[in-house]
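Keep in mind the model is a prediction, meaning the values are calculated, not measured. We name chains A, B, ... by the order of the sequence lines, and we start the count at 1 in each one.
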Amino acid sequence: MKKIRLVYMGTPEFAVPPLAALLNDPAFEVLAVVSQPDKAQGRRKEVIPTPVKTLALQHNIPVLQPLKMRDGVLREALRGLDADFLLTCAFGRILPDDILSLPKCEALNLHASLLPKYRGAAPIQFALLNGDAYTGVSLMRMDAELDHGAVFSQRELKISDEMYYPELSAALANLAAEMAVTDLPRIISGALSGVEQAHEQASFTRLLKKEDGQINWHSDAKTIAQLVRATYPWPGAYGYLGDKRLKIHRAHVIAPELWTSVPSELQALAAGALIKAKKQGLFVRCGAGEPSLLQLEEVQLEGAKRLTAKDFSLGIKDGEVLS
RNA sequence: CGCGGAGUAGAGCAGUUGGUAGCUUGUCGGGCUCAUAACCCGGAGGUCGCGUGGUUCGAGUCCCGCCUCCGCAA
């Protein structure tokens, strides 16, 4: 049987499982991998190859890292490959028309949401941020607009309360991998056809910024917990203790029925007030009117290492308030 | 040379104008209690990151050099 020839375009960790699955499946032949240029990272500004590039090199797949999409160089490189599919996954750049319209090559995208919901750059984060019960992945055809083309297939995933961004991202990436391996052949055979999206229901996500991690302690604890889960590990949810930033790495909501102290006592506390409850843990009073409680699990003060809430609480005074 | 914070008992912190270290927690022993992540009593545990460095009668505390960790920025 003729192998399915494809060019894979992806950059971050999320795009690794699908590529790995395609590389391990004999039905596919990955002709080339396109990834974003390597960037300097870390305190020492070391240049780190992208996760997708690393995997590709381990399998001796040629890697292209074009600086520009529109100068024709990439198009020329791809044109000679005679691929059946151009498959992108978290590539991070919008592809110009001349690449999407390569002859006899279907340009597809793996997107981490149930389109038309959450088009754009940060679908996983926004699903967590909004406290959605479900999200998923979509396999779709690329067209001139962002995440706008016909959808071939989707897989759903339940979001559990324990999922932070890395867990959800990994779960979705695995789902995307499974979907790519099983559904690309079905597209070739004609078993799957693209269905136009319900565009009027589309929503869009943008890349998170550093400031998106700042916590408003007047929000209720549930909202704040969602922010913590969505922004971990970057940009990270944070408040301020004095003039120092305090990152909240892990936290969860305490259901009102589990409160050991009565609401009237909480009512008297300012939003952001830290509550040291002996061995029971460290809590923050949240909410504007109705008080709600957020239990901190893991935090990190600016300049210090990350600590469990227990260790952190040993070093702070009573009555301190986060802002 | 990007900016900045920090290295003190197992852990988290304090240590004022320099006078040989203290708190919380944990740990060990004992006690109390129907019981407790409760309470009471007692003990162990630190060459204060490194330098056979400098200043000083005397340095965790000031000066110099080095190492390590971390936040910001990228």
Side-chain angles (χ1 to χ4, degrees), chain A residues 10-15 35-54 65-68 90-93 121-122 125 164-166 169 206-217 221 224 227-263 265-266 269 272-285 293-323:
Chain A
T11 300
E13 199 58 42
F14 181 85
S35 199
Q36 293 239 19
D38 299 335
K39 286 179 186 169
Q41 295 216 325
R43 221 187 303 269
R44 296 283 142 72
K45 294 182 180 173
E46 294 169 78
V47 175
I48 307 285
T50 71
V52 164
K53 177 186 182 184
T54 301
Q65 295 182 285
L67 291 173
K68 291 183 179 179
F91 179 60
R93 296 292 291 270
Q125 286 92 334
Y164 284 64
Y165 171 78
S169 179
R206 55 174 176 75
L207 222 44
L208 293 180
K209 292 179 300 214
K210 183 73 195 171
E211 314 82 78
D212 292 321
Q214 177 149 11
I215 294 170
N216 173 5
W217 298 106
I224 295 173
L227 178 70
V228 171
R229 295 199 286 142
T231 59
Y232 181 84
W234 196 93
Y238 61 91
Y240 287 89
L241 182 62
D243 59 351
K244 288 194 172 175
R245 183 176 295 196
L246 182 73
K247 269 193 200 167
I248 312 296
H249 290 303
R250 302 265 161 183
H252 65 267
V253 191
I254 298 298
E257 58 269 27
L258 297 179
W259 291 3
T260 52
S261 95
V262 291
E265 289 172 1
L266 289 173
L269 293 170
L274 282 163
I275 302 160
K276 288 204 280 181
K278 295 263 178 174
K279 315 262 168 134
Q280 296 180 68
L282 182 63
F283 306 86
V284 187
R285 193 274 201 216
L293 271 188
L294 185 73
Q295 176 163 19
L296 304 182
E297 296 167 48
E298 231 179 298
V299 302
Q300 181 170 24
L301 196 60
E302 181 178 326
K305 330 182 231 210
R306 61 192 283 171
L307 298 175
T308 62
K310 183 189 172 198
D311 285 342
F312 177 71
S313 70
L314 291 173
I316 59 173
K317 304 181 190 76
D318 285 314
E320 299 219 70
V321 177
L322 298 174
S323 53

In whole Å, I'd like the distance from the [atom1] atom of [X] to the [atom2] atom of [N].
X	N	atom1	atom2	value
A/Lys39	B/rA73	NZ	P	15 Å
A/Trp234	B/rA73	CH2	C1'	12 Å
A/Leu282	B/rA37	CG	P	20 Å
A/Glu211	B/rC72	CD	P	13 Å
A/Glu302	B/rA73	CD	P	10 Å
A/Asp318	B/rU25	CG	P	11 Å
A/Leu246	B/rC70	CG	P	17 Å
A/Leu314	B/rA37	CG	C1'	14 Å

Could you work out the separation of [N] and [M] based on their [atom1] atoms and round it to a whole Å?
N	M	atom1	answer
B/rG26	B/rG19	P	32 Å
B/rG53	B/rG45	P	27 Å
B/rA14	B/rG46	C1'	15 Å
B/rU20	B/rC3	C1'	37 Å
B/rU33	B/rG22	C1'	32 Å
B/rG42	B/rA37	C1'	22 Å
B/rU61	B/rA21	P	14 Å
B/rC28	B/rU16	C1'	34 Å

Verify side chain to side chain donor-acceptor pair (under 3.5 Å) between A/Arg229 and A/Tyr164, making sure each step is shown before the conclusion.
CA-CA 4 Å; A/Arg229 295 199 286 142; A/Tyr164 284 64; over 6 Å; no

Measure from the side chain of [X], starting at C-beta and using heavy atoms only, and say which of [options] lies closest.
X	options	result
A/Lys305	B/rG71, B/rA11, B/rC69	B/rC69
A/Lys244	B/rC69, B/rG5, B/rU24	B/rG5
A/Lys310	B/rG71, B/rU25, B/rG12	B/rU25

Watson-Crick or G-U wobble partner of [N], both distances under 3.5 Å:
N	answer
B/rU56	none
B/rU33	none
B/rC50	B/rG65
B/rC3	B/rG71

Approximate separation, where rounding is to 0.5 Å, of A/His252 NE2 and A/Leu296 CG
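One finds 9.5 Å between NE2 of A/His252 and CG of A/Leu296.
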
Would you confirm whether [X], through its side chain, and [Y], through its main-chain N or O, come within 3.5 Å as a donor-acceptor pair?
X	Y	answer
A/Thr231	A/Ala237	yes
A/Ser35	A/Gly10	yes
A/Arg245	A/Glu302	no

Kindly indicate, with the supporting measurements, whether the criterion salt bridge (charged side-chain N to carboxylate O under 4.0 Å, His left out) is fulfilled by A/Asp311 and A/Lys305.
CA-CA 11 Å; A/Asp311 285 342; A/Lys305 330 182 231 210; over 6 Å; no

On RNA chain B, nearest-nucleotide positions of A/Asp311 versus A/Arg245: which is more 5'?
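Result of the comparison: A/Asp311.
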
Reading RNA chain B from 5' onward, which residue's closest nucleotide shows up sooner: A/Ala304 or A/Phe312?
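Nearer the 5' end of the strand: A/Phe312.
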
With respect to the phosphate group of B/rC72, does any side-chain polar atom (N or O) of A/Lys210 fall under 4.0 Å of OP1 or OP2?
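For B/rC72, OP1/OP2 do have a side-chain N/O of A/Lys210 under 4.0 Å.
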
Looking at A/Gln300, does any N or O in its side chain come under 4.0 Å of the phosphate oxygens OP1/OP2 on B/rC70?
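Looking at the OP1 and OP2 atoms of B/rC70, neither is under 4.0 Å from any side-chain N or O of A/Gln300.
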
Passing candidate, side-chain hydrogen bond (donor to acceptor under 3.5 Å, both in side chains) with A/His249, options A/Glu298, A/Glu297, A/Gln300:
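When A/Glu298, A/Glu297, A/Gln300 are each tested with A/His249, the side-chain hydrogen bond (donor to acceptor under 3.5 Å, both in side chains) holds only for A/Gln300.
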
If you look at every strand shown and take non-hydrogen atoms under 4.0 Å, does [X] touch a base, only sugar-phosphate, or nothing?
X	answer
A/Lys247	sugar-phosphate
A/Gly315	sugar-phosphate
A/Leu307	sugar-phosphate

